[in-house]
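Everything below concerns the one structure shown next.
FYI, side chains are in, hydrogens and waters are out, and symmetry mates aren't considered; it's all heavy atoms of this structure. Sequence lines set the chain letters: A, B, ... in the order given, protein chains first and strands last, and positions in each chain run from 1.
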Protein chains: 2
Amino acid sequence: MVVSPPKTAPGRRTASKAERRLQLIKATIRSIAKRGLSETTMAAVAGEARLSQGIINLHFQSKERLLIETLRYVADEYRATWEKALQGAGNSNAERLEALVYADFSKPVCDRNKLSVWFAFWGESKSRPTYRKICAERDREYDEMLTDLCAGLIAEGPYPGVDPALVATGLASMSEGLWLDLLVDPDSMSPEKAMRVYQVYLAGMFPKHFAY
Amino acid sequence: MVVSPPKTAPGRRTASKAERRLQLIKATIRSIAKRGLSETTMAAVAGEARLSQGIINLHFQSKERLLIETLRYVADEYRATWEKALQGAGNSNAERLEALVYADFSKPVCDRNKLSVWFAFWGESKSRPTYRKICAERDREYDEMLTDLCAGLIAEGPYPGVDPALVATGLASMSEGLWLDLLVDPDSMSPEKAMRVYQVYLAGMFPKHFAY
DNA sequence: AGAAAATGAATGATCATTCATTCATTAACA
DNA sequence: TGTTAATGAATGAATGATCATTCATTTTCT
């Protein structure tokens, strides 16, 4: 929960802190997608936001912090997306898993700008412990939730001898690989096709719950 | 095939062109892993190779070309790895697929330095058509080969109603996702565990060929 | 000696960051 | 209500550091 974010006062021309920060984070995402992380400069982000040179240091102190906050933003958004998908889904494990697939390939999640951001930070993660921690945390949370869900399905089946943790990791990994295809080869991959690929795995793994 | 790469002449202290280029490419891979692509400078790479400032421009003309050649190097190496795995494998489709799994999680392929390079370039691919083309080409080649293999397995099963292209894309995507886990969370993922995850998919998809 | 490879100081461009100043908004006061 | 002082958001020129690239010179090999 956020401690009542200050809204813009009526008629105010300068934005509140929270608004400016969000505006700059969104500009950072666009800049990483447009120029790549290695050519994303402070001037580029400020220009993308149509604001002045010094604005980022005013709100984020340094470039490094802006980048970390940007990664946190997409990570938080991703978690919020699948939490919401679970809330909106039916009560059966099959329905909940189906909802997660839709969430993973929904517009806001597999938008190529945001995918660029994920892969850019993953690419730097080995040399930057902060990035790696945020990414690993996202992985872990998702994996835990998905393992529970798979365990439920396996018990229902029953599908004897199937390890829920391995299936969950496989599902999560497949999503990430499909995101890569969407980023690198959008002509031969689409969210719809990605979902079909995912469905093939589900049907093969849980034939009593899913069909081709 | 390469047109007979010039070997080092006997007693020569300076390396041949091909040797220096390879040395610099390997230094680039280490630098990307150690510092990230965005902090990989010409001086860093030259230092990593224990050579002088100007050496890269001498052999690669520009930084951009060094990076492209580095990406090409890992891409070529990857293709060579799976081609060799197929050559060394038995004749059955199941054995060939098994060999591909081992290749994908062999030391040279899922070494974290090289994974850093892949993800770094994937992260920049949206803004750099040259990177994207090389990556998409690698994807396409692998996908075609794997689709043929899966088609063979599906016919043998038979596994009616299973689309070989979708299964192949799923398998390739899963590898990429597992590589991400190896890069980002090496404490909870290992090549052995990755292979087990992969095996679960194979067993679920092709129960007449693979078991848990 | 002549050719090729390698060096490393020099150059100019680009970058993140700083900070004195401007501007918009609110609060205080009459 | 109208005026003014105080606040803090935003600017953009200036700074110093870092970077890729060049090239005159040196080293190494034939």
Report all side-chain donor-acceptor pairs from residues 93-103 of chain A shorter than 3.5 Å, counting only partners two or more places apart or in another chain.
{"from": "A:N93", "atom 1": "ND2", "to": "A:E156", "atom 2": "OE2", "distance (Å)": "2.7"}
{"from": "A:E95", "atom 1": "OE1", "to": "A:S92", "atom 2": "N", "distance (Å)": "3.4"}
{"from": "A:E95", "atom 1": "OE1", "to": "A:S92", "atom 2": "OG", "distance (Å)": "2.9"}
{"from": "A:E98", "atom 1": "OE2", "to": "A:Q199", "atom 2": "NE2", "distance (Å)": "2.6"}

Report the distance from atom [atom1] of [X] to atom [atom2] of [N], rounded to the nearest whole Å.
| X | N | atom1 | atom2 | value |
| --- | --- | --- | --- | --- |
| B:K17 | C:dA3 | NZ | P | 16 Å |
| B:L51 | C:dT7 | CG | C1' | 10 Å |
| B:F60 | C:dA6 | CZ | P | 12 Å |

Base versus backbone protein contacts along nucleotides 16-23 of chain D [heavy-atom cut-off under 4.0 Å; B, S, -] | ---SSBB-
With A:E77, which residues qualify under salt bridge (Lys or Arg N to Asp or Glu O under 4.0 Å), at least two apart?
-> A:K114
Would you classify B:I56 as touching base, sugar-phosphate or nothing, given that sugar-phosphate means primed atoms plus P, OP1 and OP2, and contacts are heavy atoms under 4.0 Å?
-> nothing
Can you check whether [Y]'s main-chain N or O pairs, donor with acceptor, with [X]'s side chain at less than 3.5 Å?
| X | Y | result |
| --- | --- | --- |
| A:E124 | B:S38 | yes |
| A:S116 | A:A33 | no |
| B:R21 | B:H59 | yes |
| B:T147 | B:D143 | yes |

Does C:dA6 have OP1 or OP2 sitting under 4.0 Å from an N or O in the side chain of B:R20?
-> yes
Using only side-chain N and O atoms of B:H59, determine if any of them is under 4.0 Å from OP1 or OP2 of C:dA5.
-> no
With respect to the side chain of B:I55, which nucleotide from D:dA10, C:dA6, D:dA9 is positioned closest?
-> C:dA6
